[in-house]
Amino acid sequence: MTDPSSPEHASGTVRVRFAPSPTGMFHVGGARSALHNWVFARQHGGTLVLRIEDTDASRNRPEWTEGIIRALAWLGIDEDEYEGPYFQSANADEQRKAVERLRADGRAYFCDCTRDDVIARTGDSYRGYDGHCRDRGLEAGPGRALRFRTPDEGVTTVVDLIRGKPTFENANIEDFVIARGDGSVLFMLANVVDDMIQGITHVIRAEEHLSNTPKQQLLWEALGAQPPIWAHVPVVVNEKRQKLSKRRDKVALEDYQAEGFLAEAMRNYLMLLGWAPSGDREIVPWSVIEEEFRLEDVNPSPAFFDVKKLRAFNGEYIRALPVEDFIERCEPWLREPYASWSPERYDPAVFARLAPLAQTRVAVLSEITAMVDFAFLDEPVIDEASWKKGMKEPAADILRGALEAFQDAEWTAEELKTRAEEIGARHGLKLGKAQAPIRVAVTGRTVGLPLFESLQIIGRDRTLARVRAALDRLSAE
RNA sequence: GGUCCCGUCGUCUAGUGGCCUAGGACGCCGCCCUCUCAAGGCGGUAACGCCGGUUCAAAUCCGGUCGGGACUACCA
């Protein structure tokens, strides 16, 4: 007897699938499932198949599918990493055949009950379909759905790599619908048939499907095939411990991408939801994950999607980048639609000098825009709160002092700093206080990159012009 | 309500009977460094849901209890 948990149990080669329904945005939970399947396939020298579950025509648009493919590629799952994409709708014939076979074998029967009918009969004790039409011998007809006849006795045991062997009493499994009144096939069956014809050996998916699993397994058996090994990964939840939802929570992978999360950080973080690599470390190269990840080790309890921790990871990944790479990766946020300056103002050489100063200060790439805008804008955008805070007495004196001292100073950060220190000293201020008015005048904000380096980079003329402008505003107030 | 799953710091986890006065990471707090803010360094805060049992010994095994979640469509 073969060990059913052995990866080679079915056909000898592992075949897993990622089967998203194209809903228009790629969910972080889906990304995690895709990653799990991918890693598993690679570890076993198996194949990952991508199948678009487009049974519901309203959820079927070509651009949705393209979005999925793009998202997968961003995560590192390129087109040569999987078979497909296949479309569930393309298997309609096979699915119909399976339905017909179940009906012919007496494993399914027609039913004309509406949901209201059933509830009227069972009242408050409603526990699924009551089997009313089981033996009525109804023929096919308009509005008559086809239900699968589940066994009255025995149990269905699901072999699950993460949860052991969840067992369900067959008597508790209702006779569920497999084909609609109009003859079209439902997900429950379509999904099974597709897995069957695509030779899927392991189904790795989110826990929300666990309740459906005994039904699907019954279908596999009724169709005369050996069910796959299952692995139900815990759901990802929000701070209220509910499954992440498109409506309530920020779940679109694209949004995170647009915010400047690095794919490496994202996929590393996603894999750490419910699992950890060996040793006291969490940020690890993907190769370590591919080496060490085991579905059997996945924590079966739900995991909170902690954006704060994701940001921390992202910051670490950003800091670990060689500067040249950092510069390159910032590029999208230095142009429209993110940049607030006109394109011809942008100077890559200037950015290259600013970049090392910024690299330790951004947690997500999108933060780079506001951090360097002062260098590419004709005039800095003055943040009013910063102005109030930075332009306190004796700001005007300090600015006047700077104007004079910077006039003929050697234009290096070190020298500018020394001059600023001297100005501050005249007012009994340490550099920390003294630099504030200058910073606000030149960058518009109270916090930012190291000031004197910034001044050195944008040059004497622009620095002095901004100090003068600030002085003008100050005297006008 | 029914079925199933789950339960270690606030969060993600390590832990598979003695190595646990429970380790790491994020967060938070403090100190150092410091031109702001970060980064970095150092230190701190904080958990085995509860009750019984098995055992010389339990976070680890068993039972119960409480709590949370998923599913419960002629959606996928």
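The chains referred to below are lettered A, B, ... by the order of the sequence lines, with proteins before strands, and numbering in each begins at 1. Both backbone and side-chain heavy atoms feed into the values below; hydrogens, waters and symmetry mates do not.
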With a 3.5 Å cut-off and no angle check, do the side chains of A/Trp333 and A/Glu367 form a donor-acceptor pair? no
Does the ring center of A/Phe261 lie less than 6.0 Å from the ring center of A/Tyr269? no
Taking NZ from A/Lys215 and C1' from B/U72, how many angstroms apart are they, rounded to a whole number? 7 Å
Ignoring backbone atoms, establish whether A/Arg147 has a side-chain N or O less than 4.0 Å from OP1 or OP2 of B/C74. yes
Can you check the distance between B/C26 and B/G69, where both ends of the measurement are the C1' atom (answer in whole Å)? 24 Å
Just call it for A/Leu310: base, sugar-phosphate, or nothing, with non-hydrogen atoms closer than 4.0 Å on any strand. nothing
For nucleotides B/U8 and B/C4, find the distance between their C1' atoms and express it as a whole number of Å. 24 Å
Taking the side chain of A/Pro166 as its heavy atoms from C-beta onward, which of B/C75, B/C4, B/U13 lies nearest to it? B/C4
Any N or O donor-acceptor pair under 3.5 Å from the base of B/C35 to the side chain of A/Glu453? yes
Considering only the P atoms, how many Å lie between B/G41 and B/A25, rounded to the nearest integer? 10 Å
Is there side-chain contact between A/Pro322 and A/Asp325, with heavy atoms separated by less than 4.5 Å? yes
Distance, C1' atom - from B/U60 to B/G23, rounded to whole angstrom: 16 Å
Could you tell me how far B/C61 sits from B/G17 if I compare only their C1' atoms? Round to whole Å. 8 Å
Within the structure shown, what part of the strands sits under 4.0 Å from A/Ala436 by heavy-atom distance: base, sugar-phosphate, or nothing? nothing
Using only heavy-atom distances, decide whether a donor-acceptor pair under 3.5 angstrom links the side-chain of A/Thr360 to the base of B/A38. yes
Provide the distance between the two C1' atoms, one in B/G40 and one in B/U16, to the nearest whole Å. 38 Å
Kindly determine whether A/Asn170 and A/Thr156 satisfy side chain to side chain donor-acceptor pair (under 3.5 Å), including the steps that lead there. CA-CA 6 Å; A/Asn170 289 153; A/Thr156 294; 2.5 Å; yes
With a 4.5 Å cut-off on side-chain heavy atoms, are A/Leu272 and A/Phe313 touching? yes
Looking only at atom C1', what distance separates B/A46 and B/A22, rounded to whole Å? 12 Å
Please work out if A/Arg445 contacts a base, only the sugar-phosphate, or nothing of the nucleic acid, heavy-atom cut-off 4.0 Å. nothing
Under 4.0 Å between any heavy atoms, over every strand shown, what does A/Thr213 touch: base, sugar-phosphate, or nothing? Just pick one. nothing
Provide the distance between the two P atoms, one in B/G43 and one in B/G49, to the nearest whole Å. 29 Å
